[in-house]
Protein chains: 2
Amino acid sequence: MNINIDFVNKLRISGLRPTKQRLKICEVLFNTEKTFHFTVNDLSKIISEKLNQKISLATIYNTVHAFKKKGYLKEISMNSDKTYFDTNTTHHHHFFDSSTMKLIDLSDDQVEKIKINKALPGKKISSVEILVKIENE
Amino acid sequence: MNINIDFVNKLRISGLRPTKQRLKICEVLFNTEKTFHFTVNDLSKIISEKLNQKISLATIYNTVHAFKKKGYLKEISMNSDKTYFDTNTTHHHHFFDSSTMKLIDLSDDQVEKIKINKALPGKKISSVEILVKIENE
DNA sequence: TACTTTCTTTAGAATCATTATAAACTATAA
DNA sequence: TTATAGTTTATAATGATTCTAAAGAAAGTA
Ligand SMILES: [Mn+2]
Ligand SMILES: [Mn+2]
Ligand SMILES: [Zn+2]
Ligand SMILES: [Zn+2]
């Protein structure tokens, strides 16, 4: 199949060998219509329970971190004990639903330009992210 | 001293017994001109190293969480392995300096009104916080 | 193809922050 | 003073993440 060739290329270009573990993880993460948010535990469960495959947890961690380093994943800034990753690597913001513990994208153009009236000498801004916490009405 | 009486009252009002451990922690956290950010580890070190006092780590955790619950501390939404607390409990935003791993307040009035053009049915917003990551120029 | 090198995966151990346990201690009220 | 509920503490347990080191697989070379 073609999908796989794409992933093989993607990995090769990144200097990562296209192992079957990495290809499987690519399929789960990137062979979808929509982007999504996940924890390492989520990903591990999808692989073992839904796909009945066995990839060691160490490899899942290694791969997720490698993909993050290459810019194929983003780690999301929030607290709630859990660490979330995002397959949407464009600049965007988030809702965090405290009721469901789920993240929801808030695209950059759904937020009016953020203007910050405070400068810190010798420092430059590397990112500006909004976290909107929501709960049931 | 008067300071202590204030803290005794503060604790009593909150339904927390004014133990010497809690009073000591109050002094460290609230008997300062400026508000500040800290980790449990920071607080623990201030108590043991600067003040040469011995309060068990469990008590420090218990107290910090009790104070948070009472609204005397805020836990800050960010990732960076560390969990930060804030003695500034007013609504405000943060800079996070990746070079120093320190948080810097960004007051609400230093940010122009954030307008979000996305509503989620059945949900209400409980907070909106901005995290501005900065680094050396 | 055969051989070599480098990278990758893996099980299991180690780490580290945080939380739980349960016994000793202490503030408070009767 | 005594009883009660709340608090502190040492210590163990937990759970997410990282480390280790050996076995396995991909890539490069001839
Ligand atoms: Mn990480
Ligand atoms: Mn906490
Ligand atoms: Zn997202
Ligand atoms: Zn702050």
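Below, chain A is the first sequence line, B the second, and so on; all start at residue 1.
With salt bridges taken as basic N to acidic carboxylate O contacts below 4.0 Å, one links A:Glu75 and A:Lys68. The pair B:Glu129-B:Lys74 counts as a salt bridge, with a side-chain nitrogen and a carboxylate oxygen less than 4.0 angstrom apart.
Under a 3.5 Å cut-off, the side chain of B:Asp105 and the backbone N or O of B:Ser107 do not form any donor-acceptor pair. Side-chain N or O atoms of B:Ser14 include none that pairs as donor or acceptor with a backbone N or O of B:Leu16 at under 3.5 Å.
Taking atom CZ of residue A:Arg22 and atom C1' of nucleotide C:dT8, one finds them 6 Å apart after rounding to whole Å. A straight line from NZ of A:Lys82 to P of C:dT18 spans 18 Å, rounded to a whole angstrom. The interatomic distance linking B:Leu11 (CG) with C:dA27 (P) rounds to 13 Å, in whole Å. Taking atom CZ of B:Phe38 as the reference point, atom P of C:dA17 lies 16 Å away to the nearest angstrom. Regarding B:Lys45, its NZ atom lies at a distance of 9 Å from the P atom of C:dA17, rounded to whole Å.
Classified by interplanar angle (parallel below 30°, tilted 30° to 60°, perpendicular above 60°), the ring pair A:Tyr84/A:Phe96 is perpendicular. Classification of the A:His91-A:His93 ring pair by plane angle, with boundaries at 30° and 60°, yields perpendicular.
Where A:Thr63 and B:Val40 meet DNA chain C, the nucleotide closest to each residue was compared, and A:Thr63 sits on the side nearer the 5' end.
Ring-centre distance between B:Tyr72 and B:Phe85: not below the 6.0 Å cut-off.
Taking only side-chain nitrogens and oxygens, A:His65 never comes nearer than 4.0 Å to OP1 or OP2 of D:dT17. Of the side-chain N and O atoms in A:Thr83, one or more sit less than 4.0 angstrom from OP1 or OP2 of D:dT17. For C:dT26, neither phosphate oxygen OP1 nor OP2 lies less than 4.0 angstrom from any side-chain nitrogen or oxygen of B:Gln21.
Heavy atoms of B:Asn62 sit under 4.0 angstrom from at least one base atom.
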Might you list the N or O atoms of the protein lying below 3.5 Å from N or O atoms in nucleotides 25-27 of chain D, with each pair's distance?
from   : atom 1 : to      : atom 2 : distance (Å)
D:dA26 : N3     : A:Arg17 : NH1    : 3.3
D:dA27 : OP1    : A:Arg12 : NE     : 3.1
D:dA27 : OP1    : A:Arg12 : NH2    : 3.1
D:dA27 : OP2    : A:Arg12 : NH2    : 3.4

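Between the side chains of B:His92 and B:Asp108, no donor-acceptor pair of N or O atoms lies under 3.5 Å.
Of the residues in residues 49-61 of chain B, those placing a heavy atom less than 4.0 Å from an atom of DNA chain D are B:Lys54, B:Ile55, B:Ser56, B:Ala58, B:Thr59, in numerical order.
Rounding to the nearest 0.5 Å places CG of B:Leu73 at 8.5 Å from CG of B:Asp86.
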